[in-house]
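Below is one structure, written out as structure tokens; comments come after it.
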Protein chains: 2
Amino acid sequence: MDSMTIMVRKQTAADQALRLDNQICFAVYSTAHAFNRVYKPLLDRLGLTYPQYLVMLALWERDDVPVKDLGERLFLDSGTLTPLLKRLEAAELIKRTRSTEDERVVLIALTSQGHALREKAKAVPQSILAASDCTVGELLAMKDEIVALRDRLNAVLGE
Amino acid sequence: MDSMTIMVRKQTAADQALRLDNQICFAVYSTAHAFNRVYKPLLDRLGLTYPQYLVMLALWERDDVPVKDLGERLFLDSGTLTPLLKRLEAAELIKRTRSTEDERVVLIALTSQGHALREKAKAVPQSILAASDCTVGELLAMKDEIVALRDRLNAVLGE
DNA sequence: CGCAATCGAATTGTGCACAATATAAATTAT
DNA sequence: ATAATTTATATTGTGCACAATTCGATTGCG
């Protein structure tokens with residue numbers, strides 16, 4: 001009966017551990033979807049998807065950069081970025097040009113329309129802040145915790 | 001010059017607000033990807049993707065449930081779940097059967113292999129906990145904050 | 001110098017994620 | 001009971017996301 005009790009306790013601990021890890025990862029996963037759904041109607045007006053919006057945000061801070069650079073800033077690879085960037089080029093928000101110095105790299109630059117879209121995009125953040133129903137301070141604190149977690153996870157991936 | 005100063009200040013505030021909201025949503029978005037990448041090698045051994053793993057976790061807690069139920073628990077719709085569940089059925093982890101009481105609903109039940117996979121899955125959470133490099137308490141606190149944020153976002157979507 | 005190794009993008013194939021639509025079954029209203 | 005509406009799932013089309021592979025350009029090493 002002792003050994004049986006121990007077995008039952010071990011199973012319970014494993015179950016709870018599994019449940020815990022799931023809850024945290026699932027919390028992040030489902031919150032990302034929730035954000036996406038809140039952003040969607042706002043970004044529809046700009047003609048952007050959320051990943052495209054992220055790319056534009058990155059480019060508004062610094063453009064004329066290689067695809068590789070964008071990928072490192074956004075944690076995305078060329079398999080994701082290449083078709084996305086082609087769609088942004090088709091929408092005439094960016095221009096893709098091969099570097100003359102190194103023919104392997106493709107430089108991404110904003111068009112005048114791409115720059116102009118920044119003004120319209122300024123309406124977006126207030127709506128999100130309102131939807132989150134948090135103070136700026138609370139969100140900043142959460143962000144720092146989440147980023148710290150992300151960076152530890154990414155550190156494990158880099159061995 | 002006064003009016004110009006005001007304009008400049010307004011622009012700076014808008015820029016910062018936009019940057020802030022971006023950082024929080026992007027933090028969640030990029031952390032979800034980081035989790036996915038950490039899970040992948042572990043779940044490969046089980047023959048599951050991360051969304052499939054979430055479905056299995058939900059079913060291990062309660063199965064013989066309609067697709068609708070799963071969708072509500074995971075915040076996913078039938079367009080996502082139907083093909084995913086068909087793949088799990090092809091892998092012989094679940095069985096999909098029309099309810100006899102209400103022919104509209106499809107009930108999802110675990111097969112014996114589906115139940116059995118639970119034992120192998122218990123190896124997963126420890127690795128994730130180790131990768132996160134956090135204490136259980138820290139992760140629980142973060143989870144609660146993130147879930148609270150998610151629920152507020154979802155509340156806005158439901159009007 | 002020449003050639004292997006590396007590098008940056010692009011391509012291919014699989015699997016979500018969701019909007020919009022379709023369809024069949026059940027419920028409600030008339 | 002028949003029509004209109006609602007409900008649960010399935011289908012279609014678009015757009016990520018990433019592993020694996022390919023390809024041309026560049027770098028390094030002997």
Side-chain angles (χ1 to χ4, degrees), chain A residues 26 29-41 43-44 46-56 65-91 94 96-108 154 157, chain B residues 26 29-41 43-44 46-56 65-91 94 96-108 154 157:
Chain A
F26 176 58
Y29 167 88
S30 53
T31 304
H33 290 330
F35 263 122
N36 222 311
R37 289 190 282 261
V38 171
Y39 267 104
K40 186 161 196 316
L43 295 180
D44 278 350
L46 306 183
L48 296 175
T49 65
Y50 179 67
Q52 288 170 6
Y53 173 67
L54 286 182
V55 168
M56 293 302 288
V65 291
V67 173
K68 186 101 199 296
D69 262 47
L70 273 177
E72 281 166 5
R73 285 200 265 165
L74 300 171
F75 304 96
L76 297 173
D77 66 9
S78 72
T80 301
L81 286 175
T82 296
L84 187 157
L85 292 170
K86 284 183 177 175
R87 281 186 285 269
L88 287 180
E89 187 175 43
I94 66 165
R96 298 159 66 249
T97 49
R98 291 252 165 218
S99 165
T100 50
E101 295 167 21
D102 186 337
E103 293 278 347
R104 292 172 304 179
V105 328
V106 170
L107 294 172
I108 307 299
N154 279 332
L157 290 167
Chain B
F26 176 59
Y29 166 88
S30 54
T31 304
H33 290 330
F35 263 121
N36 222 312
R37 289 190 282 261
V38 171
Y39 267 104
K40 185 160 196 318
L43 294 181
D44 278 350
L46 305 182
L48 296 175
T49 64
Y50 179 68
Q52 289 170 5
Y53 173 68
L54 286 182
V55 168
M56 293 303 288
V65 291
V67 173
K68 186 102 199 295
D69 262 46
L70 273 177
E72 280 166 5
R73 285 200 265 164
L74 300 171
F75 304 97
L76 297 173
D77 67 8
S78 73
T80 300
L81 286 176
T82 296
L84 187 157
L85 292 170
K86 285 183 177 174
R87 280 185 285 270
L88 287 181
E89 187 175 42
I94 66 165
R96 297 160 65 249
T97 49
R98 290 255 163 213
S99 165
T100 51
E101 296 166 21
D102 186 337
E103 292 277 349
R104 292 172 304 180
V105 329
V106 170
L107 294 171
I108 308 299
N154 280 332
L157 290 168

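Residue numbers start from 1 in every chain, and the chains themselves are labelled A, B, ... in the order their sequence lines are given, proteins ahead of strands. Values below: every heavy atom of this structure, side chains too, minus hydrogens, waters and symmetry copies.
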Original post:
Got B:Leu76 and B:Leu84 here, is their nearest side-chain heavy-atom distance under 4.5 Å?
Top reply: no
Subject >> Most 5' of A:Lys40 and A:Thr82 on DNA chain C, judged by nearest nucleotide >> reply: A:Thr82
**OP:** Determine the contact category for B:Thr80: base if any of its heavy atoms lies under 4.0 Å from a base atom, sugar-phosphate if only primed atoms, P, OP1 or OP2 are that close, otherwise nothing.
**Re:** base
**OP:** Carefully, step by step, assess A:Asp44 and A:Lys40 under the rule salt bridge (charged side-chain N to carboxylate O under 4.0 Å, His left out).
**Re:** CA-CA 6 Å; A:Asp44 278 350; A:Lys40 186 161 196 316; 3.1 Å; yes
Subject >> A:Asn36 CG to A:Tyr53 OH distance, which is reported to the nearest 0.5 Å >> reply: 12.0 Å
Subject >> 4.5 Å side-chain heavy-atom contact, A:Ile108 and A:Asp69 >> reply: no
**OP:** For A:Arg104, enumerate each residue passing the side-chain contact (heavy atoms from CB on, under 4.5 Å) test, keeping only those at least two apart in sequence or located in another chain.
**Re:** A:Asp102
**OP:** Please list, chain by chain and in numerical order, all residues satisfying side-chain contact (heavy atoms from CB on, under 4.5 Å) with B:Lys86, sequence neighbours excluded.
**Re:** B:Thr82, B:Arg96
**OP:** By nearest nucleotide on DNA chain D, pick out whichever of B:Arg98 and A:Thr49 is the more 5' one.
**Re:** B:Arg98
Original post:
Going 5' to 3' along DNA chain C, which nucleotides are the first and last within contact of chain B (any atom under 4.0 Å from a heavy atom)?
Top reply: C:dG15 to C:dA26
Original post:
Taking C-beta and beyond as the side chain, do B:Thr49 and B:Leu43 meet within less than 4.5 Å on heavy atoms?
Top reply: no
Original post:
In residues 66-76 of chain A, which ones come under 4.0 Å of DNA chain D, going by heavy atoms?
Top reply: A:Phe75, A:Leu76
Original post:
What nucleic acid atoms does A:Leu84 come within less than 4.0 Å of, heavy atoms only: base, sugar-phosphate, or nothing?
Top reply: sugar-phosphate
Subject >> Note, A:Leu88 side chain near A:Leu48 side chain (heavy atom, < 4.5 Å) >> reply: yes
Original post:
What residues in residues 101-108 of chain A put a non-hydrogen atom under 4.0 Å from any atom of DNA chain C?
Top reply: A:Arg104, A:Val105, A:Val106
Subject >> A:Leu46 and A:Met56, any side-chain heavy atoms less than 4.5 Å apart >> reply: no
Subject >> is_close_aromatic(B:Phe35, A:Tyr29), centroid dist under 6.0 Å >> reply: no
Subject >> A:Asp77 CG to D:dA19 P, straight-line distance once rounded to whole Å >> reply: 7 Å
Original post:
For the side chain of B:Ser78 and the base of D:dA10, is some donor closer than 3.5 Å to an acceptor across the two?
Top reply: yes
Original post:
Taking only residues two or more places apart in sequence, or in another chain, which ones meet B:Asp77 in a side-chain contact (heavy atoms from CB on, under 4.5 Å)?
Top reply: B:Thr80
